[in-house]
Structures are given as C-alpha cells and as structure tokens.
S.K.: 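Would you mind keeping the following structure in view while I ask a few things?
Order of listing sets the numbers, starting from 1, for every ligand and every atom in it.
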Amino acid sequence: MSGFFDRYPLARNGVTLVGAMLTSLGAGLFLVFLLLEFLGLESNPYMGLLFLLVCPTLFVAGLVVMPIGVWLARRRRAAGRPVRAFRWPSVDLNDAAQRKTAAACAGLTLLNVLIAGVAAHSGLEYMDSPQFCGRLCHEVMEPEWAGYQAGPHARVACVQCHIGPGAPWFVKSKLSGLRQVYAVAFNTHSRPIPSPVTDLRPARDTCEQCHWPEKFHGDVVRTVRSYADDEANTETAIGVRLHIGGINPLRGTATGIHWHVSAKNRIEYVATDDRRQHIPYVRLDDGSGTVKEFIADGGPSGGIPAGERRVLDCIDCHNRPSHTFAYSVARAVDESMSAGGLDPSLPFIRREAIKVLSAAYADKAAAFDAIQNGLRAFYRERTPPVPDEALSRAVETAQRLYARNVFPAMRVTWGTYPNNVGHSDPGPSPYAGCFRCHDDLHRAADGSVISQDCGLCHTIE
Ligand code: HEC
Ligand code: HEC
Ligand code: HEC
Ligand code: HEC
Ligand code: HEC
C-alpha cells in the first residue's frame, strides 16, 4: 500500500480513501450475499434488494468518488496550496483517556448496528405482511383483502403467491410496486383492478411451494345445497364427486383433472380477449411424440388465431384461489343458508335476500340501510311475527354477504371477476370456465374433440 502511495501521492487523500472503502464494502457484501444465496441460507426476498441494488450502488459510488479525490488534490497542488496527505489518527491504548474513548466508540457502534439491524428487519418483515399489501391502500385493495381473509389462504402471505422466492422477481415486483404507489397517489389506477395479472409469476414457482401434482389423487366429494324461492326455502342437495386425479408417483401416470399439469403434458392456448375467456385454439404436447392442435374457430385462412399465447398452469383454472367471490347473488345466498348463515326457517328468506342484495347501491352505507329497511319492511307485515332477534341476525348476515362481494368504490360487483373452476349452465358459474375448452367444438385434425362428457370430470350423486 505504501508503495502505491509513493507512486501516486495524490491518491493519499481522505476523499479517495472513503471512495476506496465504499467500493470494498460493496464488493465484500456482494461476496457474502453470493455465498449465502449459494449455500441456500438466504431465502428472504428482501435480502435480494441489498444484493441487487445496494451492493452495486456502493461499488459504483466508490469508483466515482475515488478520482474526485485525486482531482481535488491536483487542483489544490496546482493552486500552490500544500497537499495534505491523509494520515490515520494515531491511537495509543496505553493512554487511559484514549482507551476510554475507544471503548465508548466501540460500544456505541455495536449498539447502533444492533438497533439499525432490528429496525431494518422489522421494516422488511412488515413490508412482507398481508397487512401491508392488503391495507395500506385500503380502498384499492379492499376487494382482494376481503376475499383473502375469508379464503383458504388467509394464513398465506400475499408475497408467497405474488412474488415467491429469489431476487429477480423481488426486484421486478418492487418496480411495479412503485408504479402502483404512483397510480394510487395520483388516483390513476383502474377500477376494478384488472384481472388476469399479466405478469404474474408462473404458478409452478409459487403454488408448488405448497401443492404439487404428485400430491393430488383420487376424488373429492362435495355436497352442494341449493334452495328454492318458495315460502319454505325448499332445499335440494346433490353430491358432486370430482375426479381431482393427479400424478401417481409410483407409476408416473397422470389422471383426472390434474392431468393437465403433469410434467409430461404441455398445453398451450391462445386467448383472444384480455380476460382469457375466449379460447379458440389449444395445443397439446403429451411428451411422447403426440402433438394435437384443437381449433374451435380458426384465424384468417383457418390457421392459429391471433391473441395472447400461454402455457396452461394452475391459475388458468384456479384464478381465484385467494380472492374468491361468490359466482352470483343466488350462489352467495345458497352457500350462506347451507353454512348456517341465513336461516332457512325464515319464510321466503332466499327470495327476499336475493332481492335486496341484487340492487345497485351508491356506496356501502346506502346498501346497508337499504338491506336493513327492505328486510324489515317485508317481515313486519308477516303473521305470525318473526322474532326480532332472528330478523336482526338475517339483516346482519345479508349485510356481511354484501360487504364480502360488492365494492362500489372499486366498481366490483357480483360476477365482476370470472372464476374458471367450474362451468356455466348447468353448472354453478356464469362463466364458461372448463367449457372454454371442453365444449365438444374444439376439433383436432384426427377429428377428436376436447370432451364435454359429464362423466369426464365428475359424477353427480
Ligand atoms: C394463494 C395465492 C394468493 C395469495 C395468498 C394472494 N393472491 Fe392475489 N392473486 C392470486 C392470483 C392467482 C390472482 C389472479 C391471477 C390471474 O388471473 O392472473 C391474484 C390477483 C390479485 C389482484 C388483481 C385483481 C384480482 O382480483 O384478480 C390483486 C390486486 C391481488 N391479487 C392482491 C393480493 C393481496 C393484497 C394479497 C394479500 C392480502 C393477495 N393478493 C394474496 C393469488 C394470490
Ligand atoms: C405457502 C403455502 C401455499 C401456497 C404458496 C399456496 N397454497 Fe393453496 N393452500 C395452502 C393451504 C395451507 C391450504 C388449505 C388446506 C386446507 O384447508 O386443507 C390451501 C388450499 C388450496 C386449495 C383448496 C381450496 C379449498 O377451498 O379447499 C386450492 C385449490 C389451492 N390451495 C390452490 C393454490 C394455488 C392455485 C396456489 C398458487 C397461486 C396456491 N394454492 C398457493 C397453502 C398454500
Ligand atoms: C384444468 C384445471 C385445473 C388445473 C390446471 C389445476 N387444477 Fe387444481 N383443481 C381443479 C379442480 C376443478 C379442482 C376441484 C375443485 C373444487 O374442489 O372445488 C381442483 C382442486 C385442487 C386442490 C384441492 C384438492 C383437494 O383435495 O381438495 C388443490 C390444492 C389444487 N387443485 C391445486 C392446484 C395446483 C397447485 C395446480 C397447479 C400445479 C392446479 N391445481 C392445477 C382444476 C385444476
Ligand atoms: C385451455 C383448455 C382447457 C381448459 C380451460 C380445461 N381443459 Fe381439461 N383438457 C384439455 C385438453 C386439451 C385435454 C385433452 C383432450 C384429449 O386429449 O382428448 C383435457 C382433458 C381433460 C380431462 C381428461 C384427462 C385424462 O385423464 O385424460 C379432464 C378430467 C379435464 N380435462 C378436466 C378439466 C376441468 C375440470 C377443467 C376446468 C376446471 C378443464 N379441464 C379445463 C384442455 C383444457
Ligand atoms: C371439463 C370438466 C367438466 C365437464 C365435462 C362437466 N363438468 Fe360439471 N362441473 C365441473 C366442475 C369443475 C364443477 C365445479 C365444482 C365446484 O364448484 O367446486 C362442476 C359443477 C357442476 C354442477 C354444479 C354443482 C354445484 O356446485 O352447484 C353441475 C350441476 C354440473 N357440473 C353438471 C354437469 C353436467 C350436466 C355436465 C355434462 C353436460 C357437466 N357438468 C360436465 C367440471 C365439469
């Protein structure tokens, strides 16, 4: 080092030394993170921010500062002023006063590092929390937050599906996060927030942290209850035995609904609308040399129609795994009655609840008033009278169903967001869902079609 300074005496100045320290710190931290990442010890995506943004910044800042120091020193020399060579302060720990100062400095530095570390850690943890994602921009995220809390993933952090592990997706999401903050601050965001999320990370990297096709097997039986609009709210129950299927890890065979996501199959499709509801073209490569192209209505000259091309993954069916809303008012009311919410022993409750819930209201307060007044007005006339306690409970439950599914400020109402698990008539959904492809109309060159055979996916008991 002293040889270096003998050769370049102008580099021996405070500014250049600070630059050198910044650059070395940047390089050092980079190596440490690289090692942690390599050993698989570091999984918090926020560390990626340090890794990809802070280290290079330090490194480059140091490189910029170093020549500035030299330039300043040269100017000083040219002006005839003495060049003050940088000297390290001399510390003599035999001197009691200096020893005390050194000990105090070391102690305080340690304390500061600890405080800064804890603060940074809790800050990062907070930014990872669903509260941060779901509630910071309260109105904008209200629909997703409400669906999330009531859904099966209420204990899974937003970032686990929306970002997933690793630094590159983290940085990408922070950049788009900045754009979102801008959109909220200047009120330029869309209402409702558009779905699908076009740059969502492939589901294989996120969902498969917790679910994987080898884990699914067999059937799932659902009992679905629905009610009539008569005085007795007459109940009909059916059992739907869904052939969930999956991959048999012993034989490597794929069956049933999760056959689509076996590692061997690759299904691509073209959607011609931005909600991915209209799918005129499907291509299947089954990994054993068979490639089939199913076309419902071809593009010009019968070829592949123009549109977004995608490889099918989990979210092409499970597009509402977390932000689940009822398919329709009728479905919400039926589910509530079945689950012990709205009480089927209240005469006409299905018909009346659907009536007050279907109307359009300016905001939540107006809706709550109208639901309360509407139901009370109807039951006030009845003989024998309906107990007030039962009526209050019905009003509250109906208001909750509204607040869970309709968000006037964000222009989200019944059916705004398609749900692709299921199908329209005779199914529960107003959306085509599985029937986007399974409609007996998508035809391959050999004449086979993507089947709508009712027994393919489920039996009804
Ligand atoms: C189980 C995984 C999962 C979790 C947990 C999750 N999301 Fe989502 N989110 C999705 C999927 C899948 C989509 C829709 C993808 C598509 O169709 O492109 C989505 C869509 C969205 C959208 C776009 C609008 C819409 O409703 O489609 C927003 C906004 C959103 N999520 C916010 C959040 C917030 C805030 C949280 C945490 C409170 C969260 N998400 C938690 C999987 C998840
Ligand atoms: C961090 C772990 C985790 C991630 C990531 C995750 N899930 Fe889940 N998922 C769960 C848990 C836990 C449950 C609840 C299981 C239960 O209730 O038995 C669940 C349940 C489900 C269910 C059943 C829902 C129901 O109503 O019974 C579906 C479907 C599902 N997840 C799909 C997805 C999809 C699609 C993704 C990716 C977008 C995803 N999950 C990501 C942990 C996760
Ligand atoms: C072709 C459409 C489709 C695709 C693709 C798909 N699923 Fe499913 N999945 C379904 C249907 C339909 C059900 C049953 C629906 C129900 O229970 O309401 C289901 C059920 C599930 C369940 C609940 C299983 C149970 O035993 O209750 C989980 C978890 C799940 N899927 C996760 C995934 C994951 C993860 C992927 C991607 C690797 C995936 N699915 C891909 C259609 C699909
Ligand atoms: C993007 C198009 C597409 C969508 C959407 C889709 N499928 Fe399929 N599905 C296919 C294709 C292609 C095949 C294979 C047809 C063939 O080989 O004859 C298939 C086959 C199947 C099979 C038979 C698997 C086997 O064992 O051979 C089942 C069961 C199935 N789909 C269920 C569903 C369900 C349930 C949904 C909705 C939740 C759904 N599919 C949505 C394209 C799709
Ligand atoms: C490609 C797969 C597939 C085919 C083919 C199919 N279904 Fe379905 N069906 C589903 C799925 C998935 C659901 C939704 C289950 C859920 O809500 O969890 C469903 C739900 C239903 C329901 C409603 C149960 C409820 O939740 O209220 C009925 C009724 C039904 N199907 C009837 C039929 C009939 C009739 C046919 C033949 C014309 C048929 N389905 C063909 C996949 C299929």
S.K.: Taking Ala366's backbone N and O only, do any of them form a donor-acceptor pair with Asp369's side chain (distance below 3.5 Å, no angle check)?
M.R.: no
S.K.: Taking the side chain as every heavy atom from C-beta outward, state whether Glu461 and Val221 have any pair of such atoms under 4.5 Å apart.
M.R.: yes
S.K.: Has Ser392 got a side-chain atom pairing as donor or acceptor with Asp388's backbone, closer than 3.5 angstrom?
M.R.: yes
S.K.: Identify, for atom 13 (C) of ligand 2, the protein heavy atom at the shortest distance, and state residue, atom and that distance.
M.R.: Pro152 O, 4.0 Å
S.K.: Any heavy atom of His243 closer to ligand 4 than 4.0 angstrom?
M.R.: no
S.K.: Can you count the protein N/O/S atoms lying under 2.8 Å from atom 8 (Fe) of ligand 3, leaving waters out?
M.R.: 2
S.K.: Can you list the atoms of ligand 2 that are under 4.0 Å from a heavy atom of Gln160?
M.R.: 1 (C)
S.K.: Report yes if some N/O of His438 lies less than 3.5 Å from some N/O of ligand 4; otherwise report no.
M.R.: yes
S.K.: Salt-bridge test for Asp219 and Arg241: reply yes if a basic N is under 4.0 Å from a carboxylate O, no otherwise.
M.R.: yes
S.K.: Kindly say whether Pro321 contributes a backbone atom to a donor-acceptor pair with the side chain of His153 at under 3.5 angstrom?
M.R.: yes
S.K.: Considering heavy atoms of the protein only, find what lies nearest to atom 26 (O) of ligand 4 and give residue, atom and distance to 0.1 Å.
M.R.: Gly256 N, 3.5 Å
S.K.: Atom 15 (C) of ligand 4: which protein heavy atom is closest, and how many Å away?
M.R.: Phe294 CZ, 4.2 Å
S.K.: Decide yes or no for Asp343 and Ile349: does some side-chain heavy atom of the first lie under 4.5 Å from some side-chain heavy atom of the second?
M.R.: no
S.K.: Taking Lys292 as the fixed residue, which of Asp286, Asp446, Ile450, Val282 is the one that meets the side chain to side chain contact (heavy atoms under 4.5 Å, CB included) rule?
M.R.: Asp446
S.K.: Can you list the atoms of ligand 3 that are under 4.0 Å from a heavy atom of His260?
M.R.: 1 (C)
S.K.: Which atoms of ligand 3 have any heavy atom of Leu312 under 4.0 Å away?
M.R.: 5 (C)
S.K.: Going by the order shown, which atoms of ligand 4 are within less than 4.0 Å of some heavy atom of Cys457?
M.R.: 32 (C), 35 (C)
S.K.: Ignoring hydrogens and angles, tell me if any N or O in the side chain of Gln209 forms a donor-acceptor pair with the backbone of Gln160 under 3.5 Å.
M.R.: yes
S.K.: Nearest 0.5 Å, please: how far is OG1 in Thr253 from NZ in Lys264?
M.R.: 7.5 Å
S.K.: Give the atom numbers and elements of ligand 3 that come within less than 4.0 Å of a heavy atom of Glu208.
M.R.: 38 (C)
S.K.: Can you label the angle between the Phe348 ring and the Phe378 ring as parallel, tilted or perpendicular, going by 30° and 60°?
M.R.: perpendicular
S.K.: List the closest protein heavy-atom neighbour of atom 20 (C) of ligand 4: residue, atom name, distance to the nearest 0.1 Å.
M.R.: Trp259 CZ3, 3.4 Å
S.K.: Decide whether an N or O pair under 3.5 Å exists between Lys292 and ligand 4.
M.R.: no
S.K.: Once you restrict to heavy atoms under 4.0 Å, what part of Leu456 touches ligand 4? Side chain, backbone, both or neither.
M.R.: both
S.K.: In ligand 2, which numbered atoms sit nearer than 4.0 Å to a non-hydrogen atom of Thr206?
M.R.: 5 (C)
S.K.: Less than 4.0 Å from atom 23 (C) of ligand 3, is there any heavy atom belonging to the protein?
M.R.: no
S.K.: Would you say Asp316 touches ligand 3, if touching means a heavy atom closer than 4.0 Å?
M.R.: no
S.K.: Starting from atom 12 (C) of ligand 4, what is the nearest protein heavy atom, named by residue and atom, and what distance separates them?
M.R.: Ile450 CD1, 3.7 Å
S.K.: Just checking, any donor-acceptor pair under 3.5 angstrom between side chains of Ser336 and Arg350?
M.R.: no
S.K.: Find all atoms of ligand 4 within a distance of less than 4.0 Å from any non-hydrogen atom belonging to Arg436, and give their numbers and elements.
M.R.: 5 (C)
S.K.: Only pairs at least two apart or in different chains count here, so list each salt bridge (Lys or Arg N to Asp or Glu O under 4.0 Å) that has a residue in residues 409-434.
M.R.: none
S.K.: With the threshold set at under 4.0 angstrom, would you say Ser448 reaches ligand 4 through any of its heavy atoms?
M.R.: no
S.K.: What's the separation between atom CZ in Arg155 and atom CD in Gln149, rounded to the nearest 0.5 Å?
M.R.: 9.5 Å
S.K.: Using 30° and 60° as the class boundaries, would you call the ring planes of Phe325 and Tyr417 parallel, tilted or perpendicular?
M.R.: parallel
S.K.: Numbering the atoms of ligand 3 from 1, which are under 4.0 Å from a heavy atom of Val220?
M.R.: 25 (C), 26 (O), 27 (O)
S.K.: To check your reading of the model: name the closest protein heavy atom to atom 5 (C) of ligand 4, its residue, and the distance in Å.
M.R.: Cys437 SG, 3.5 Å
S.K.: Only N/O/S atoms count here: what is the atom of His153 closest to atom 8 (Fe) of ligand 2 called?
M.R.: NE2
S.K.: Given side chains that start at C-beta, do those of Arg276 and Tyr269 come closer than 4.5 Å, heavy atoms only?
M.R.: yes
S.K.: Treating Ser424 as the side-chain partner and Ser429 as the backbone partner, does any N or O pair qualify as donor plus acceptor under 3.5 Å?
M.R.: no
S.K.: Could you tell me whether the side chain of Tyr148 and the main chain of Ala154 form a donor-acceptor pair under 3.5 Å?
M.R.: yes
S.K.: Looking at Tyr379, is Arg382 sitting on its ring face, NZ or CZ under 6.0 Å from the six-membered ring centre and within 45 degrees of the normal?
M.R.: no
S.K.: Do Phe435 and His423 pass the ring pair (Phe, Tyr, Trp, His ring centres under 6.0 Å) test, and can you show the C-alpha distance, the side-chain angles, and the key distance before you say yes or no?
M.R.: CA-CA 6 Å; Phe435 287 2; His423 54 78; 4.0 Å; yes
S.K.: Looking at Cys207, which atoms of ligand 2 are within less than 4.0 Å of one of its heavy atoms?
M.R.: 34 (C), 35 (C), 36 (C), 37 (C), 38 (C), 39 (C), 41 (C)
S.K.: Can a protein heavy atom be found under 4.0 Å away from atom 18 (O) of ligand 2?
M.R.: no
S.K.: Are more than 12 heavy atoms from other residues, nucleotides or ligands located less than 6.0 Å from atom CD of Glu389?
M.R.: no
S.K.: Should you measure from each heavy atom of Asp313, which atoms of ligand 3 turn up under 4.0 Å away?
M.R.: 5 (C)
S.K.: Return the residue, atom name and 0.1 Å-rounded distance of the protein heavy atom closest to atom 2 (C) of ligand 2.
M.R.: Cys210 SG, 1.9 Å
S.K.: Below 4.0 angstrom from a heavy atom of Leu284, which ligand 4 atoms are there? Numbered from 1 as shown, please.
M.R.: 17 (O)
S.K.: Out of Ala432, Ser262, Cys434, Ala271, indicate the one that has the non-hydrogen atom closest to atom 35 (C) of ligand 4.
M.R.: Cys434
S.K.: Tell me whether Arg222 has any N or O atom under 3.5 angstrom from an N or O of ligand 3.
M.R.: yes
